[in-house]
2 protein chains.
Amino acid sequence: MSFIEIQTPVITGADAACCAPASRDAIGAEAAEALARSLKALADPARLRLVSMVAAHPDAEACVCDLTEPLGLSQPTVSHHLKVLVEAGLLTRDKRGTWAYYRLVPGALDSLAALLAAV
Amino acid sequence: MSFIEIQTPVITGADAACCAPASRDAIGAEAAEALARSLKALADPARLRLVSMVAAHPDAEACVCDLTEPLGLSQPTVSHHLKVLVEAGLLTRDKRGTWAYYRLVPGALDSLAALLAAV
DNA sequence: CGAATGCATCGATGGATGTCAATTTATGGG
DNA sequence: CCCATAAATTGACATCCATCGATGCATTCG
(Lines give C-alpha, C1' and ligand atoms only; values in the text may rest on other atoms or scores of the structure.)
Protein backbone atom coordinates (compact mmCIF):
# COMPACT_ATOMS: atom_id res chain seq x y z
CA MET A 1 0.00 0.00 0.00
CA SER A 2 1.68 3.15 -1.13
CA PHE A 3 0.75 6.39 0.51
CA ILE A 4 0.88 9.60 -1.38
CA GLU A 5 2.19 12.42 0.73
CA ILE A 6 0.49 15.62 -0.26
CA GLN A 7 2.63 18.66 0.12
CA THR A 8 0.37 21.17 1.78
CA PRO A 9 1.24 24.83 1.54
CA VAL A 10 2.89 26.54 4.41
CA ILE A 11 0.62 26.48 7.41
CA THR A 12 2.75 27.47 10.31
CA GLY A 13 -0.05 27.81 12.82
CA ALA A 14 -0.04 24.99 15.30
CA ASP A 15 -3.77 24.98 15.79
CA ALA A 16 -4.59 24.96 12.08
CA ALA A 17 -3.69 21.31 11.71
CA CYS A 18 -6.95 19.47 11.69
CA CYS A 19 -7.31 17.78 8.35
CA ALA A 20 -4.87 17.42 5.53
CA PRO A 21 -1.36 16.68 6.84
CA ALA A 22 -2.59 14.07 9.29
CA SER A 23 0.78 13.68 10.90
CA ARG A 24 0.70 10.26 12.46
CA ASP A 25 2.76 9.41 15.48
CA ALA A 26 6.37 8.45 15.10
CA ILE A 27 7.63 5.08 16.25
CA GLY A 28 8.42 4.75 19.93
CA ALA A 29 11.93 4.45 21.30
CA GLU A 30 11.66 0.87 22.47
CA ALA A 31 9.80 -0.21 19.34
CA ALA A 32 12.66 1.27 17.34
CA GLU A 33 15.18 -0.68 19.40
CA ALA A 34 13.32 -3.93 18.94
CA LEU A 35 12.98 -3.46 15.21
CA ALA A 36 16.60 -2.39 14.93
CA ARG A 37 17.65 -5.55 16.72
CA SER A 38 15.79 -7.69 14.21
CA LEU A 39 17.12 -5.74 11.27
CA LYS A 40 20.67 -5.98 12.58
CA ALA A 41 20.36 -9.74 12.46
CA LEU A 42 19.70 -9.55 8.74
CA ALA A 43 21.92 -6.61 7.88
CA ASP A 44 24.84 -8.83 6.98
CA PRO A 45 25.60 -10.43 3.63
CA ALA A 46 26.52 -13.78 5.13
CA ARG A 47 23.35 -14.00 7.17
CA LEU A 48 21.15 -12.92 4.28
CA ARG A 49 22.69 -15.63 2.18
CA LEU A 50 22.28 -18.17 4.96
CA VAL A 51 18.58 -17.42 5.26
CA SER A 52 18.20 -17.60 1.52
CA MET A 53 20.20 -20.80 1.26
CA VAL A 54 18.16 -22.48 3.96
CA ALA A 55 14.95 -21.41 2.23
CA ALA A 56 16.26 -22.61 -1.12
CA HIS A 57 17.32 -26.01 0.18
CA PRO A 58 15.17 -29.05 -0.52
CA ASP A 59 12.73 -29.54 2.36
CA ALA A 60 13.66 -25.99 3.35
CA GLU A 61 16.14 -27.23 5.90
CA ALA A 62 19.91 -27.42 5.94
CA CYS A 63 22.71 -28.38 8.26
CA VAL A 64 25.90 -26.44 8.86
CA CYS A 65 27.89 -28.73 6.62
CA ASP A 66 25.56 -27.87 3.73
CA LEU A 67 26.16 -24.18 4.18
CA THR A 68 29.82 -23.78 5.03
CA GLU A 69 31.33 -24.56 1.66
CA PRO A 70 28.97 -22.57 -0.62
CA LEU A 71 29.17 -19.61 1.71
CA GLY A 72 32.94 -19.60 1.71
CA LEU A 73 33.32 -19.01 5.42
CA SER A 74 34.76 -21.15 8.18
CA GLN A 75 32.56 -23.51 10.17
CA PRO A 76 32.77 -21.50 13.42
CA THR A 77 31.79 -18.36 11.57
CA VAL A 78 28.79 -20.05 9.98
CA SER A 79 27.75 -21.43 13.36
CA HIS A 80 28.04 -17.97 14.81
CA HIS A 81 25.83 -16.42 12.14
CA LEU A 82 23.26 -19.18 12.47
CA LYS A 83 23.11 -18.60 16.19
CA VAL A 84 22.44 -14.91 15.62
CA LEU A 85 19.62 -15.79 13.25
CA VAL A 86 18.10 -18.26 15.68
CA GLU A 87 18.26 -15.76 18.52
CA ALA A 88 16.56 -13.22 16.28
CA GLY A 89 13.69 -15.62 15.76
CA LEU A 90 14.33 -16.08 12.06
CA LEU A 91 15.58 -19.67 12.07
CA THR A 92 14.94 -22.73 14.16
CA ARG A 93 17.55 -25.25 15.13
CA ASP A 94 16.84 -28.94 15.32
CA LYS A 95 19.66 -31.28 16.25
CA ARG A 96 19.22 -34.80 14.93
CA GLY A 97 22.13 -37.09 15.62
CA THR A 98 25.39 -35.43 14.81
CA TRP A 99 23.78 -32.84 12.58
CA ALA A 100 22.00 -29.60 13.37
CA TYR A 101 19.26 -28.73 10.93
CA TYR A 102 18.12 -25.18 10.45
CA ARG A 103 14.76 -24.08 9.10
CA LEU A 104 13.02 -20.80 8.42
CA VAL A 105 10.51 -19.65 10.99
CA PRO A 106 7.33 -19.34 8.91
CA GLY A 107 6.22 -15.77 8.46
CA ALA A 108 9.12 -14.26 10.33
CA LEU A 109 10.56 -12.53 7.30
CA ASP A 110 7.19 -11.29 6.18
CA SER A 111 6.21 -9.77 9.48
CA LEU A 112 9.59 -8.10 9.68
CA ALA A 113 9.07 -6.68 6.20
CA ALA A 114 5.62 -5.49 7.21
CA LEU A 115 7.00 -3.75 10.28
CA LEU A 116 9.66 -2.14 8.15
CA ALA A 117 7.21 -0.82 5.60
CA ALA A 118 5.09 0.64 8.40
CA VAL A 119 7.89 2.66 9.95
CA MET B 1 23.56 21.67 -5.11
CA SER B 2 21.27 18.90 -4.02
CA PHE B 3 22.10 15.75 -5.86
CA ILE B 4 20.75 12.56 -4.45
CA GLU B 5 22.42 9.26 -5.07
CA ILE B 6 19.68 6.71 -5.08
CA GLN B 7 21.11 3.37 -4.29
CA THR B 8 18.80 0.93 -5.96
CA PRO B 9 19.23 -2.47 -4.45
CA VAL B 10 19.96 -5.27 -6.81
CA ILE B 11 16.82 -7.04 -7.87
CA THR B 12 17.73 -10.60 -8.58
CA GLY B 13 16.53 -12.94 -11.20
CA ALA B 14 12.99 -13.67 -12.19
CA ASP B 15 11.53 -16.40 -10.08
CA ALA B 16 8.08 -17.24 -11.28
CA ALA B 17 7.82 -20.49 -9.37
CA CYS B 18 4.92 -20.24 -7.01
CA CYS B 19 4.69 -23.39 -5.03
CA ALA B 20 6.48 -25.19 -2.32
CA PRO B 21 8.53 -28.16 -3.41
CA ALA B 22 10.93 -26.80 -5.99
CA SER B 23 14.04 -25.42 -4.36
CA ARG B 24 14.53 -21.96 -5.75
CA ASP B 25 17.90 -20.36 -6.12
CA ALA B 26 19.50 -18.66 -3.19
CA ILE B 27 20.36 -14.99 -3.32
CA GLY B 28 23.63 -14.08 -5.00
CA ALA B 29 26.64 -12.81 -3.09
CA GLU B 30 26.58 -9.30 -4.49
CA ALA B 31 22.83 -9.03 -4.16
CA ALA B 32 23.24 -10.00 -0.52
CA GLU B 33 25.84 -7.29 -0.04
CA ALA B 34 23.64 -4.66 -1.63
CA LEU B 35 20.63 -5.62 0.45
CA ALA B 36 22.74 -5.82 3.59
CA ARG B 37 24.01 -2.31 2.90
CA SER B 38 20.47 -0.99 2.71
CA LEU B 39 19.39 -2.88 5.81
CA LYS B 40 22.39 -1.65 7.77
CA ALA B 41 21.22 1.89 7.14
CA LEU B 42 17.99 1.11 8.95
CA ALA B 43 19.31 -1.31 11.54
CA ASP B 44 19.75 1.39 14.14
CA PRO B 45 17.20 2.72 16.61
CA ALA B 46 18.10 6.34 16.03
CA ARG B 47 17.81 6.05 12.26
CA LEU B 48 14.52 4.17 12.43
CA ARG B 49 13.14 6.89 14.63
CA LEU B 50 14.47 9.57 12.32
CA VAL B 51 12.75 8.04 9.32
CA SER B 52 9.56 7.69 11.30
CA MET B 53 9.75 11.21 12.67
CA VAL B 54 10.29 12.69 9.23
CA ALA B 55 7.34 10.72 7.90
CA ALA B 56 5.19 11.78 10.84
CA HIS B 57 6.05 15.44 10.54
CA PRO B 58 3.54 17.81 8.99
CA ASP B 59 4.26 18.13 5.27
CA ALA B 60 6.39 15.01 5.73
CA GLU B 61 9.54 17.06 5.95
CA ALA B 62 11.69 18.10 8.84
CA CYS B 63 14.89 19.96 9.49
CA VAL B 64 17.66 18.89 11.84
CA CYS B 65 16.52 21.29 14.51
CA ASP B 66 13.13 19.58 14.56
CA LEU B 67 14.71 16.19 15.16
CA THR B 68 17.57 16.75 17.56
CA GLU B 69 15.61 17.46 20.71
CA PRO B 70 12.93 14.73 20.50
CA LEU B 71 15.57 12.18 19.54
CA GLY B 72 17.74 13.04 22.50
CA LEU B 73 21.01 12.99 20.58
CA SER B 74 23.51 15.71 19.79
CA GLN B 75 23.21 17.69 16.59
CA PRO B 76 26.36 16.21 15.00
CA THR B 77 25.06 12.73 15.70
CA VAL B 78 21.71 13.50 14.13
CA SER B 79 23.43 14.99 11.08
CA HIS B 80 25.54 11.85 10.82
CA HIS B 81 22.53 9.56 10.87
CA LEU B 82 20.65 11.68 8.36
CA LYS B 83 23.62 11.51 6.03
CA VAL B 84 23.65 7.74 6.26
CA LEU B 85 19.95 7.63 5.41
CA VAL B 86 20.39 9.97 2.46
CA GLU B 87 23.29 7.93 1.13
CA ALA B 88 21.17 4.82 1.44
CA GLY B 89 18.52 6.40 -0.75
CA LEU B 90 15.91 6.56 1.98
CA LEU B 91 15.80 10.31 2.56
CA THR B 92 16.35 13.39 0.44
CA ARG B 93 18.01 16.53 1.62
CA ASP B 94 16.92 19.98 0.52
CA LYS B 95 18.72 23.01 1.88
CA ARG B 96 16.61 26.13 1.93
CA GLY B 97 18.28 29.10 3.48
CA THR B 98 19.89 28.17 6.73
CA TRP B 99 17.83 25.03 7.15
CA ALA B 100 18.20 21.56 5.67
CA TYR B 101 14.91 19.80 5.10
CA TYR B 102 14.71 16.04 4.92
CA ARG B 103 11.96 14.03 3.26
CA LEU B 104 11.21 10.39 2.66
CA VAL B 105 12.03 8.99 -0.75
CA PRO B 106 8.65 7.71 -1.93
CA GLY B 107 8.50 3.95 -2.12
CA ALA B 108 12.01 3.38 -0.83
CA LEU B 109 10.89 1.68 2.36
CA ASP B 110 8.34 -0.41 0.53
CA SER B 111 10.74 -1.74 -2.07
CA LEU B 112 13.24 -2.54 0.65
CA ALA B 113 10.56 -4.42 2.54
CA ALA B 114 9.60 -6.27 -0.63
CA LEU B 115 13.21 -7.29 -1.24
CA LEU B 116 13.48 -8.44 2.33
CA ALA B 117 10.37 -10.58 2.13
CA ALA B 118 11.69 -12.16 -1.05
CA VAL B 119 15.00 -13.29 0.43
C1' DC C 1 30.93 44.48 8.08
C1' DG C 2 30.17 41.56 12.18
C1' DA C 3 27.32 38.72 15.05
C1' DA C 4 24.23 34.91 15.26
C1' DT C 5 22.15 30.74 13.74
C1' DG C 6 21.74 26.09 11.48
C1' DC C 7 24.20 22.44 9.86
C1' DA C 8 28.25 19.65 8.28
C1' DT C 9 32.80 17.91 9.13
C1' DC C 10 36.76 16.47 11.98
C1' DG C 11 39.12 13.87 15.56
C1' DA C 12 38.80 10.99 19.31
C1' DT C 13 36.98 7.20 21.90
C1' DG C 14 34.60 3.31 23.77
C1' DG C 15 31.99 -0.48 22.41
C1' DA C 16 30.10 -3.74 19.11
C1' DT C 17 31.06 -7.08 15.38
C1' DG C 18 32.88 -10.39 11.79
C1' DT C 19 36.36 -13.61 11.24
C1' DC C 20 39.44 -17.43 12.12
C1' DA C 21 42.45 -21.07 14.61
C1' DA C 22 42.28 -23.93 18.42
C1' DT C 23 39.67 -26.37 21.55
C1' DT C 24 35.66 -28.53 23.50
C1' DT C 25 31.34 -31.01 23.42
C1' DA C 26 28.25 -34.25 21.66
C1' DT C 27 27.01 -38.32 18.76
C1' DG C 28 27.66 -42.58 16.29
C1' DG C 29 30.40 -46.66 14.69
C1' DG C 30 33.81 -50.40 14.84
C1' DC D 1 36.45 -48.14 24.62
C1' DC D 2 38.45 -45.34 21.24
C1' DC D 3 38.20 -42.97 17.18
C1' DA D 4 35.86 -40.10 13.66
C1' DT D 5 32.68 -36.66 12.53
C1' DA D 6 29.60 -32.47 13.25
C1' DA D 7 28.88 -28.55 15.58
C1' DA D 8 29.44 -25.19 19.30
C1' DT D 9 32.40 -22.48 22.21
C1' DT D 10 36.53 -19.86 23.34
C1' DG D 11 40.07 -16.45 22.68
C1' DA D 12 42.18 -13.18 19.92
C1' DC D 13 42.27 -9.67 16.59
C1' DA D 14 41.12 -6.19 13.32
C1' DT D 15 37.67 -3.42 11.82
C1' DC D 16 33.59 -0.89 11.98
C1' DC D 17 30.38 2.22 14.27
C1' DA D 18 27.67 5.39 17.35
C1' DT D 19 28.52 9.21 19.89
C1' DC D 20 30.25 13.63 21.37
C1' DG D 21 32.90 18.13 21.67
C1' DA D 22 35.20 21.30 18.93
C1' DT D 23 35.52 23.49 14.79
C1' DG D 24 34.40 25.13 10.13
C1' DC D 25 31.13 26.79 6.65
C1' DA D 26 27.18 29.01 4.93
C1' DT D 27 23.39 32.12 5.37
C1' DT D 28 20.72 35.69 7.47
C1' DC D 29 20.19 39.87 9.93
C1' DG D 30 21.35 44.13 12.34
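Since the model is a prediction, treat every value here as computed from it, not as a measurement. First the proteins, then the strands, lettered A, B, ... as listed; each starts at 1.
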Using the 3.5 Å cut-off, write out each protein N or O paired with an N or O of nucleotides 20-22 of chain C and the distance between them.
from, atom 1, to, atom 2, distance (Å)
dC20(C), OP2, S74(A), N, 3.0
dC20(C), OP2, S74(A), OG, 3.0
dC20(C), OP2, T77(A), OG1, 2.8

Heavy-atom check, side chain of L67(B) versus side chain of L82(B), under 4.5 Å:
yes
With the side chain defined as heavy atoms from C-beta on, R93(A) is closest, among dC7(C), dA7(D), dA18(D), to dA7(D)
Given the options V64(B), V51(B), L85(B), Y102(B) meets side chain to side chain contact (heavy atoms under 4.5 Å, CB included) only with V64(B)
**Study point:** Heavy-atom side-chain contact between V105(A) and L91(A) under 4.5 Å
**Key:** no
Rounded to whole Å, the CZ-P distance (R96(A) to dA8(D)) equals 14 Å
Is there a donor-acceptor pair closer than 3.5 Å between any side-chain N or O of D44(A) and the backbone N or O of A46(A)?
yes
When you measure from the side chain of R103(B) to the backbone of D59(B), do you find a donor-acceptor pair of N or O atoms at a distance under 3.5 Å? yes
Assert: residue with more 5' nearest nucleotide on DNA chain C, out of A43(A) and G97(A), is A43(A)
K83(B) side chain near dT9(C) phosphate (N/O to OP1/OP2, under 4.0 Å) | yes
Worksheet item: So what does Y101(A) hit on the nucleic acid, given a heavy-atom distance under 4.0 Å: a base, only sugar-phosphate, or nothing?
Response: nothing
Using a 4.0 Å heavy-atom cut-off, does H81(B) contact any base of the nucleic acid, only the sugar-phosphate backbone, or nothing at all? sugar-phosphate
Practice problem: Verify, without hydrogens or angle tests, whether R47(B) (side chain) and K40(B) (backbone) share a donor-acceptor contact under 3.5 angstrom. | Solution: yes
TODO: For residues L35(B) and L42(A), determine if any side-chain heavy atom of one lies less than 4.5 Å from a side-chain heavy atom of the other.
DONE: no
Per-helix bend value, the helix from dC1(C)-dG30(D) to dG30(C)-dC1(D), C1' rotation axes over five pairs per end, 10° rounding, shows 10°
On DNA chain C, more 5' by nearest nucleotide between R47(A) and T98(B) is T98(B)
